[in-house]
Amino acid sequence: MKIDILTVVPDLLEGPFSHSIMKRARDKGLLEVNLINLRDYTPLPRAQVDDYPFGGGAGMVLMIEPLVNAIETLQAQTPYDEIIYMTPDGATFNQKTANKLSLKENLLIICGHYKGIDERVREHFVTMEISIGDYVLSGGELAAAVVVDAIGRIIPGVLSDETSALTDSFQDNLLAPPVYTRPAEFRGWKVPEVLLEGNHRKVDEWRHEEAIRRTTQRRPDLMEPDATKAPSPSKDR
Ligand code: ADE
């Protein structure tokens with residue numbers, strides 16, 4: 001899977017994909033992440049990519065010319081399945097959307113900065129708009145890192161234990177059960193006996209009950225019937 005990320009601060013994204021599971025995914029050739037500097041695509045002097053908003057107001061807006069120049073140049077090389085814009089007014093990202101996107105071949109992610117991007121780019125090029133939560137970041141880069149991490153780790157073959165991602169929280173609308181490792185007792189705090197007995201059926205039952213208990217206590221909304229629905233990601237064009 002290939003993910004191209006268009007940004008004015010590519011340096012900000014060097015770190016998140018160079019370690020741990022993301023690094024492994026890239027080293028195994030299962031995930032290719034390319035950081036593309038919007039400034040390389042501006043036809044304007046002094047590598048200008050932003051300008052004041054029409055109508056006045058605070059903040060700068062990423063201009064249509066460099067964005068369209070970049071998108072069309074990249075599109076000529078890669079047939080994108082989705083062109084995603086990271087924005088706080090997008091559909092809230094969740095595991096269902098991550099699962100769906102992990103099956104795609106090629107994604108382009110556009111990171112806004114300052115006040116956002118010229119609306120005409122959203123109207124004419126963007127196919128999906130994603131928010132990672134109801135708060136405003138200074139740019140879409142950290143949000144893009146979250147989305148790419150969530151997608152990358154569930155690409156088949158990335159995690160060494162094939163079933164590992166399937167037992168994550170949210171995969172079956174349940175939070176994950178508690179986990180423990182050695183020692184079995186620390187300061188008198190004991191690991192539940194059932195986990196030490198070696199009876200796999202009983203362990204599975206215990207984990208399922210704990211997942212239900214935890215979800216009921218912390219996120220009862222996940223157990224409601226329509227919690228399985230992903231927000232409709234693709235816009236009609
Ligand atoms: N850009 C700024 N804030 C954001 C958010 N919450 N989600 C996605 N992109 C953003």
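Because only heavy atoms are used, hydrogens play no part in the values below, and waters and symmetry mates are left out as well, while side chains stay in. Whatever order the structure lists them in is the order used to number ligands and atoms, beginning at 1.
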### Under-4.0 Å heavy-atom contact with ligand 1, by part of Asp134 that carries it
neither
Quick check: do [X] and [Y] have side-chain heavy atoms less than 4.5 Å from each other?
X      : Y     : result
Asp51  : Gln48 : yes
Leu107 : Asp4  : no
Val33  : Met22 : no

### Message
Regarding Asp81 and Asn106, do their side chains bring together a donor and an acceptor under 3.5 Å, going by distance alone?
### Response
no
### Query
Just checking, is any N or O donor in the side chain of Asn99 or Ser102 under 3.5 Å from an acceptor N or O on the other one?
no
### Message
Can you name the atoms of ligand 1, numbered from 1 with element, that are less than 4.0 Å from a heavy atom of Ser131?
### Response
6 (N), 7 (N), 8 (C)
### Query
What are the atoms of ligand 1, with element, lying closer than 4.0 Å to any heavy atom of Gly139?
1 (N), 2 (C)
Could you identify the single nearest non-hydrogen protein atom to [atom] and state the distance to 0.1 Å?
atom                   : value
atom 3 (N) of ligand 1 : Leu137 N, 3.0 Å
atom 9 (N) of ligand 1 : Thr87 N, 3.2 Å
atom 6 (N) of ligand 1 : Tyr135 O, 2.8 Å

### Message
Atom NZ of residue position Lys190 - does it have more than 12 heavy atoms of other residues, nucleotides or ligands inside 6.0 Å?
### Response
no
### Task
Mark yes when over 12 heavy atoms from residues, nucleotides or ligands other than Asp204 sit less than 6.0 Å from its CG; otherwise mark no.
yes
### Task
Ignoring angles and geometry beyond distance, decide whether Gly133 reaches within less than 3.5 Å of ligand 1 through its nitrogen or oxygen atoms.
yes
### Task
Would you check whether Ile132 has a nitrogen or oxygen atom less than 3.5 angstrom from a nitrogen or oxygen atom of ligand 1?
yes
### Query
Got a donor-acceptor contact below 3.5 angstrom from the Thr127 side chain to the Ile83 backbone?
yes
### Query
So is Gly112 in contact with ligand 1, going by heavy-atom distances below 4.0 Å?
no
### Message
Taking a cutoff of less than 4.0 Å between a non-hydrogen atom of the residue and any ligand atom, is Ile130 in contact with ligand 1?
### Response
yes
### Query
Which of these, Pro88, Gly90, Ser138, has its nearest heavy atom closest to atom 1 (N) of ligand 1?
Pro88
